[in-house]
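For reference, positions follow the sequence shown, starting with 1. All ligand and atom numbering here is 1-based and tracks the order in the structure.
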Amino acid sequence: MILMKDIVREGHPALRTRAQEVTFPLSEEDRKLASDMLEYLINSQDPEIAEKYGLRSGIGLAANQVNSLKRMFALHLEDDKGELLSFVAVNPKIVSHSVEKTYIPSGEGCLSVDRQVPGYVPRYARITAKFFTIDGEEKKLRLKGLPAIAFQHELDHLNGVMFYDHINKENPFAEIPDSCPLE
Ligand SMILES: O=C(O)C[C@@H](Cc1ccccc1)[C@H](O)SCc1ccccc1
Ligand code: NI
């Protein structure tokens with residue numbers, strides 16, 4: 001199982017390196033990595049397991065964060081209708097997005113960042129995402145709200161981008177044009 005010691009932190013080169021596309025069929029190693037990443041998120045959201053193993057709660061985890069430069073990330077969260085979104089996205093892309101932006105008023109955090117970095121992180125409010133499942137099936141999802149934000153946060157990791165790269169350096173809480181805060 002993935003533990004906090006397996007998650008690389010700021011300063012590790014993997015967090016600033018673009019991950020490489022995965023080829024199908026996935027190797028046994030890649031399938032295990034995908035399964036372990038999703039398992040981490042599920043474990044981290046279980047209070048007993050999280051306390052027992054000292055896991056920070058996460059709704060997303062990208063391969064770069066466990067020092068693997070493969071274009072894969074896991075998401076495990078409920079959408080605003082209470083539907084569970086739980087999958088590993090392989091070779092994910094945003095194929096279209098709204099002009100309107102959104103942001104979390106309390107800012108974003110990251111399992112690879114052991115500090116608070118205050119400020120608004122502008123994200124597209126709605127996205128159409130395409131990715132492959134670990135079995136090579138192509139999926140197309142329209143996301144909004146926290147799922148859309150999480151997808152963008154994780155896709156950033158695959159491109160070596162950290163959430164605070166998007167924060168206005170002059171004024172971290174400057175109004176974001178054409179945006180609506182996450183409810
Ligand atoms: O480090 C990661 O990639 C996991 C991030 C993902 C994330 C951050 C901000 C906004 C959306 C996703 C977080 O640690 S997950 C923790 C979390 C939990 C609930 C809501 C927001 C963030
Ligand atoms: Ni992160």
Side-chain angles (χ1 to χ4, degrees), residues 1-19 33-34 36-47 49-51 53-90 92 94 97 101-127 129 131 141 143-167 172-173 176 179-183:
M1 72 184 280
I2 291 175
L3 300 169
M4 288 307 294
K5 68 175 177 58
D6 303 308
I7 295 177
V8 300
R9 309 301 157 87
E10 285 183 285
H12 191 292
L15 294 175
R16 289 304 192 182
T17 306
R18 179 182 167 77
L33 172 65
D36 287 352
M37 287 164 53
L38 189 54
E39 180 199 53
Y40 174 85
L41 298 178
I42 295 166
N43 286 342
S44 77
Q45 294 176 28
D46 178 314
I49 299 175
E51 185 181 0
Y53 293 101
L55 307 181
R56 265 188 69 189
S57 176
I59 56 174
L61 186 65
N64 302 57
Q65 295 180 274
V66 287
N67 199 17
S68 173
L69 296 178
K70 311 245 180 177
R71 294 188 78 80
M72 287 200 283
F73 61 68
L75 286 182
H76 187 78
L77 73 161
E78 288 188 1
D79 68 13
D80 53 351
K81 295 191 181 69
E83 289 281 306
L84 180 64
L85 277 172
S86 183
F87 57 83
V88 174
V90 181
I94 293 174
H97 59 77
K101 299 273 178 58
T102 188
Y103 59 93
I104 300 174
S106 56
E108 293 189 11
C110 182
L111 296 174
S112 297
V113 178
D114 294 327
R115 61 190 172 107
Q116 299 288 320
V117 185
Y120 296 147
V121 181
R123 300 289 186 188
Y124 300 123
R126 293 173 300 283
I127 61 172
F131 59 90
L141 280 186
L143 301 173
K144 62 181 179 179
L146 186 57
I149 293 172
F151 194 100
Q152 294 170 77
H153 179 111
E154 301 311 326
L155 186 57
D156 269 355
H157 276 306
L158 301 186
N159 295 325
V161 174
M162 300 294 282
F163 73 89
Y164 46 72
D165 298 345
H166 299 288
I167 296 174
F173 293 100
I176 295 166
S179 71
C180 186
L182 187 71
E183 298 304 337

Query raised in the report: Near Tyr124 OH, under 6.0 Å, is it more than 12 heavy atoms from other residues, nucleotides or ligands?
Result: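 For Tyr124, atom OH is not crowded (no more than 12 foreign heavy atoms under 6.0 Å).
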Testing the 3.5 Å rule here: is there a donor-acceptor pair between the side chains of Tyr164 and Glu10?
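Checked: Tyr164/Glu10 side chains pair up, N/O donor to acceptor below 3.5 Å.
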- Query: Would you call the rings of Phe131 and Phe87 parallel, tilted or perpendicular if under 30° counts as parallel and over 60° as perpendicular?
  - Reply: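 Answer is parallel, since the angle falls under 30°.
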Quick one: closest heavy-atom pair of [X] and [Y], and the distance?
X: Gln152; Y: Ile127; answer: NE2-CG2, 3.8 Å
X: Pro147; Y: Leu85; answer: CB-CD1, 3.5 Å
X: Pro122; Y: Ile176; answer: CG-CD1, 3.8 Å

Yes or no: does Ile59 have any heavy atom under 4.0 Å from an atom of ligand 1?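 Yes; Ile59 lies near enough to ligand 1 that a heavy-atom distance drops under 4.0 Å.
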Q. Which ligand 1 atoms does Gly60 reach within 4.0 Å, using its non-hydrogen atoms?
A.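 Those qualifying, in numeric order: 2 (C), 3 (O), 4 (C).
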Which atoms of ligand 1 are found less than 4.0 Å from any heavy atom of Cys110?
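Close to Cys110: 1 (O).
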Atom pair OG (Ser112) and NE2 (His12), whose distance is rounded to the nearest 0.5 Å: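 The OG atom of Ser112 sits 9.5 Å away from the NE2 atom of His12.
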Just to confirm my output: which protein heavy-atom neighbour is closest to [atom], and how far is it?
atom: atom 1 (O) of ligand 1; value: Leu111 N, 2.7 Å
atom: atom 13 (C) of ligand 1; value: Gly109 O, 4.1 Å
atom: atom 16 (C) of ligand 1; value: Ser57 O, 3.5 Å
atom: atom 6 (C) of ligand 1; value: Glu154 OE2, 3.2 Å

For ligand 1, indicate whether the residue Ile104 contacts it via side chain, backbone, both or neither (heavy-atom separation under 4.0 Å).
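For Ile104, only side-chain atoms sit under 4.0 Å from ligand 1.
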Q.
For Arg56, which part has a heavy atom under 4.0 Å from ligand 1: side chain, backbone, both, or neither?
A.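 Neither part.
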Verdict with supporting geometry, Leu61 and His76, side-chain contact (heavy atoms from CB on, under 4.5 Å):
CA-CA 9 Å; Leu61 186 65; His76 187 78; over 6 Å; no
* Between His153, His76, His157, which one has a non-hydrogen atom sitting closest to atom 5 (C) of ligand 1? ->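 Residue with the shortest heavy-atom distance to the ligand atom: His153.
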**OP:** Can you tell me, to 10 degrees, how wide the angle at the Ni ion (ligand 2) is between SG on Cys110 and NE2 on His153?
**Re:**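 Output for this angle: 120°, rounded to tens.
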| message | Please report whether ligand 1 has a polar contact with Gln65, defined as an N or O pair separated by less than 3.5 Å (distance criterion only). | response |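 Looking only at distances, the answer is yes, because the N/O contact criterion of under 3.5 Å is met.
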